[in-house]
Amino acid sequence: MTVETWTYIFVGITFALAATFASAVGTGYGTTVAFSTLMFPAGLIMGADPVWLFAAILSGAAFGDNLAPVSDTTVVSATTQETDIPGVVRSRFKYAILAAVPALVLFTLSGGGG
């Protein structure tokens, strides 16, 4: 595989890693700061498009924060709806994954060659 091919894959992987990290940590802002500090410069050095790379970071952070059981958004919405947190996460997952799969494909196909 060429370096250019890896650049495209790197942007898609950045989205997936940001989503996973935000789901585990429960903060979209913290994910954005961490990935902008670590992954963004690495992607630029590899030759990724900076707009697509930053969009992948922001999208992954929003996706993960939406599904994180420890996120303040999830806890507040479960409390105000008088339901359990796992139920809120389960109900959101089917909608979030429908957006995440095309986003992953889009970031992988469009992210390189900046």
Side-chain angles (χ1 to χ4, degrees):
M1 292 181 126
T2 65
V3 173
E4 185 175 320
T5 305
W6 281 109
T7 302
Y8 287 94
I9 294 170
F10 183 83
V11 176
I13 289 172
T14 300
F15 169 75
L17 289 175
T20 304
F21 185 80
S23 294
V25 178
T27 172
Y29 178 74
T31 301
T32 303
V33 170
F35 274 70
S36 294
T37 304
L38 299 171
M39 300 297 276
F40 192 75
L44 293 182
I45 289 170
M46 288 184 66
D49 187 319
V51 174
W52 282 105
L53 183 58
F54 194 64
I57 292 170
L58 287 177
S59 297
F63 173 81
D65 186 42
N66 186 40
L67 293 180
V70 294
S71 171
D72 55 348
T73 308
T74 306
V75 172
V76 169
S77 67
T79 303
T80 58
Q81 296 172 23
E82 299 176 357
T83 187
D84 62 330
I85 292 173
V88 171
V89 173
R90 276 192 303 274
S91 69
R92 289 181 180 180
F93 183 78
K94 58 187 167 196
Y95 303 111
I97 201 71
L98 285 175
V101 170
L104 178 62
V105 171
L106 182 69
F107 289 131
T108 303
L109 294 177
S110 304

- Message: If the test is side chain to side chain contact (heavy atoms under 4.5 Å, CB included), which one of T74, V70, T73 qualifies with D65?
- Response: T73
Can you confirm whether [X] sits close enough to [Y] that some side-chain heavy atom of one is under 4.5 Å from a side-chain heavy atom of the other?
X: L44; Y: P50; answer: yes
X: M39; Y: L53; answer: no
X: Y8; Y: S110; answer: no
X: I85; Y: V75; answer: yes
X: T32; Y: L58; answer: yes
X: T83; Y: V88; answer: yes

- Members other than L109 in its cluster, when Ile, Leu, Val, Met, Phe, Trp, Tyr link by side-chain heavy atoms under 4.5 Å? V105
- Message: Connecting only ILVMFWY residues whose side-chain heavy atoms lie within less than 4.5 Å of each other, what is the rest of I97's hydrophobic cluster?
- Response: F63, L67, F93, V101
- Message: Before you tell me yes or no, could you show the steps for R90 and D84 under side-chain contact (heavy atoms from CB on, under 4.5 Å), namely the whole-Å CA-CA distance, both residues' side-chain angles and the distance that decides it to 0.1 Å?
- Response: CA-CA 10 Å; R90 276 192 303 274; D84 62 330; 4.1 Å; yes
Work out which heavy atom in [X] is nearest to a heavy atom in [Y]; give both atom names and the distance.
X: G26; Y: A68; result: CA-CB, 3.6 Å
X: T108; Y: L104; result: OG1-O, 2.8 Å
X: A100; Y: F15; result: O-CE2, 3.7 Å
X: P69; Y: S23; result: CD-O, 4.1 Å

- Query: Do F40 and W6 sit in the same hydrophobic cluster, where Ile, Leu, Val, Met, Phe, Trp and Tyr count as joined when their side-chain heavy atoms come under 4.5 Å apart?
  - Reply: yes
- Under 30°, 30 to 60°, or over 60°: which ring-plane class applies to W52 and F107, parallel, tilted or perpendicular? perpendicular
Could you check whether any side-chain N or O of [X] sits under 3.5 Å from a backbone N or O of [Y], counting only pairs where one atom can act as donor and the other as acceptor?
X: S59; Y: A56; value: no
X: S36; Y: V33; value: no
X: T7; Y: M46; value: yes

- Please walk me through it: do I57 and T14 pass side-chain contact (heavy atoms from CB on, under 4.5 Å)? CA-CA 7 Å; I57 292 170; T14 300; 3.6 Å; yes
- Message: For F21, give me all partners under ring-ring contact (aromatic ring centres under 6.0 Å, His included), at least two apart in sequence or on another chain.
- Response: F35
